[in-house]
2 protein chains.
Amino acid sequence: MSASVTSRALALLGAFDADHRSLTLSDMGRRAGLPLATAHRLAGELAAWGALDRQPGGEYVVGRRLWDLGMLAPVQAGLRQAASPFLHDLYGTTLATVHLAVRDGTKVLYLDRLSGHVSVPVVSRVGSRLPMHATGVGKVLLAYAPDDVRAEVLGKLTRVTAYTITQPARLLEQLRRVRGEGFATTGEEMSLGACSVAVPVRGADGDVAAALGIVVPDLRRERARLVSALQVAAHGITRTLSSMPSTQWK
Amino acid sequence: MSASVTSRALALLGAFDADHRSLTLSDMGRRAGLPLATAHRLAGELAAWGALDRQPGGEYVVGRRLWDLGMLAPVQAGLRQAASPFLHDLYGTTLATVHLAVRDGTKVLYLDRLSGHVSVPVVSRVGSRLPMHATGVGKVLLAYAPDDVRAEVLGKLTRVTAYTITQPARLLEQLRRVRGEGFATTGEEMSLGACSVAVPVRGADGDVAAALGIVVPDLRRERARLVSALQVAAHGITRTLSSMPSTQWK
DNA sequence: ACTGAGCTTCCACTGAACGGAAGGCCATCA
DNA sequence: TGATGGCCTTCCGTTCAGTGGAAGCTCAGT
């Protein structure tokens, strides 16, 4: 059950994730399942190329060169580009943290995020994956996801805060409402002090291609205005997507 | 002069850049200096892990997993985060494409970019490096760069458009003006139909830490207003940076 | 049917990768 | 002060994974 050098080097890179952005050599080795001496040699090569950076303290972080490379990846590039101006507009009218997300398996993948001055506690980052059942954009994407995906997610609703919905029946009921009303909300289900509203973004073919959401400290007051701002933006994105070949964003 | 497997795999990744975002196997091999069979095997492993994606046509592109990883790289994370809300504000007041950039060697590295609805032809991308002498942010950063860097850049001023400044003396004169007036401008020097204004962003210690710029179709009319909006934003960023430990953004 | 460009597979040889072990460094604790 | 433990670095003899030329494949153009 030996592994190729390449896969070992990649395993070393794979040791980094949103919760482990800086690692000691030994941690990297442990997480990648590699002997220390091997990790040492490989990390050295990766760092020499710029895939890893070594910080003053000796810990490794993902290097600038991988950042460069990553920016070249066509991850929903068309969608992100089409959405970008509408996200700015949305930020302008709501002054709330704005999110653009798609479904990636059973998680929400954040494609873009604009964060404002007022920092409501927001855990998302561009490129991070969060559970679908505890976020606004997640609920939207879940509401329109294929049945098997929905079933899988409903199977294990992990608790994040005291307000996280962990009963499948209650979540199902909410998802029905989302489909009916066209928007989803959360109240401190992912992070205390943060509420959110989200709407679906449809592609030119009518399918839900993404979700658009905002995070605010309180939802009671302005819900109607926020929902309508979101819907205006979502329609704008759909319109832009309609004017480009579907291969660009599908 | 053989090379380690790791360095070969990395060379293969290194074949991708802003001008080569999708490559055939043979192109990758050629650019990386590897025999086809070797490129084939390595590309297969990289693709299996998700570092590369294979597109319908058979061409390779940078994969989603490298995008994920890249997002974890702490590339001026503190600066980007501090600047983010001010960039949005700036977009709100100018409705122009907004850029945040730093100097990387003798190039401008774009850290963030907000693009508006009106698409002035803009060549920059987040993560891309452009020549300093033909961009607004570049001129700002060059004006405050160490002498040896400035000398090197002045040594080869490559022409991009008919308006690109290629005479060292003229550029030097402009840089002097930039230091005096506190802002730089360009007029179609990088891309026809695009003018720009840029100002320095100073760190808490007073050193120029970055440059902030906007791109507009025409500069004659609103220059004063744009410069002042840029300066307001730049000061705001400086203020935010001052309130965090310098290790976070330096 | 022929040509050429690119992709995939095969396999015998070999030198690059391996990793245990030993040693260095620097905290922390008694 | 010396002992302990965690982490990093280097060394080196063994061996097995990586190599790449060559043959064959697919597909498009002519």
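Reminder, nothing fancy here: chain letters follow the sequence lines and each chain counts from 1. None of these values were measured; they are calculated from a predicted model.
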So does B:Glu152 have more than 12 non-hydrogen atoms from other groups sitting under 6.0 Å from CD?
->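 No - once you tally the heavy atoms of other residues, nucleotides and ligands closer than 6.0 Å, there are 12 at most.
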Please confirm whether the shortest side-chain N or O distance from [X] to OP1 or OP2 of [N] is below 4.0 Å.
X       : N      : result
A:His40 : D:dC8  : no
A:Thr38 : C:dG19 : yes
B:Arg8  : C:dA17 : no

In whole angstroms, how far is the [atom2] atom of [N] from the [atom1] atom of [X]?
X       : N      : atom1 : atom2 : result
B:Gln55 : C:dG6  : CD    : C1'   : 17 Å
B:Leu12 : D:dG18 : CG    : C1'   : 15 Å
A:Glu45 : C:dA16 : CD    : C1'   : 10 Å
B:Met28 : C:dT8  : CE    : P     : 12 Å

Assign the ring pair B:His88 / A:His88 to parallel, tilted or perpendicular, where the plane angle (0 to 90°) is split at 30° and 60°.
->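 Plane angle between 30° and 60°, so tilted.
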Check every strand shown and say whether B:Leu36 touches a base, only sugar-phosphate, or nothing at a heavy-atom separation below 4.0 Å.
->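 Base: the residue B:Leu36, judged by heavy atoms under 4.0 Å, touches a nucleobase.
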When you check the side-chain N and O atoms of A:Glu45 and B:Ser4, is any donor under 3.5 Å from an acceptor?
->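 Short answer, yes.
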Do A:Ser22 and A:Glu59 get their side chains close enough for a donor-acceptor pair, meaning under 3.5 Å?
->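 Yes, A:Glu59 and A:Ser22 have a side-chain donor paired with an acceptor closer than 3.5 Å.
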Closest listed nucleotide, where the reference is the side chain of [X] and the choices are [options]:
X       : options               : value
A:Arg41 : D:dG20, C:dT8, C:dA17 : C:dA17
A:Ser26 : D:dC8, D:dG21, C:dG19 : D:dC8
A:Leu25 : C:dT9, C:dC7, D:dT9   : D:dT9
A:Leu42 : C:dC18, C:dG6, D:dC8  : C:dC18

Which of these, B:Asp104, B:Thr106, B:Asp17, sits in a side chain to side chain donor-acceptor pair (under 3.5 Å) with B:Arg129?
->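 Running side chain to side chain donor-acceptor pair (under 3.5 Å) over B:Asp104, B:Thr106, B:Asp17 with B:Arg129 returns exactly one hit, B:Asp104.
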Only one of B:Val75, B:Leu69, B:Asp68 clears side-chain contact (heavy atoms from CB on, under 4.5 Å) with B:Leu72; which?
->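 Of the listed options, the one satisfying the test is B:Leu69.
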Using the closest heavy atom to pick a nucleotide of DNA chain D for each, name whichever of B:Val5 or A:Glu59 lands nearer the 5' end.
->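 Here A:Glu59 is the residue nearer the 5' end.
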Which residue lies toward the 5' end of DNA chain D, A:Leu23 or B:Leu34, if each is placed at its nearest nucleotide?
->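 It is A:Leu23, whose closest nucleotide lies nearer the 5' terminus.
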Axial cation check for B:Tyr144 ring with B:Arg103, 6.0 Å and 45° limits |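 So B:Arg103 doesn't make the cation-pi contact.
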Using both pair distances under 3.5 Å as the test, note the stems of at least 3 consecutive Watson-Crick or G-U pairs that include DNA chain C.
->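 Stem list for DNA chain C: C:1-30 with D:1-30.
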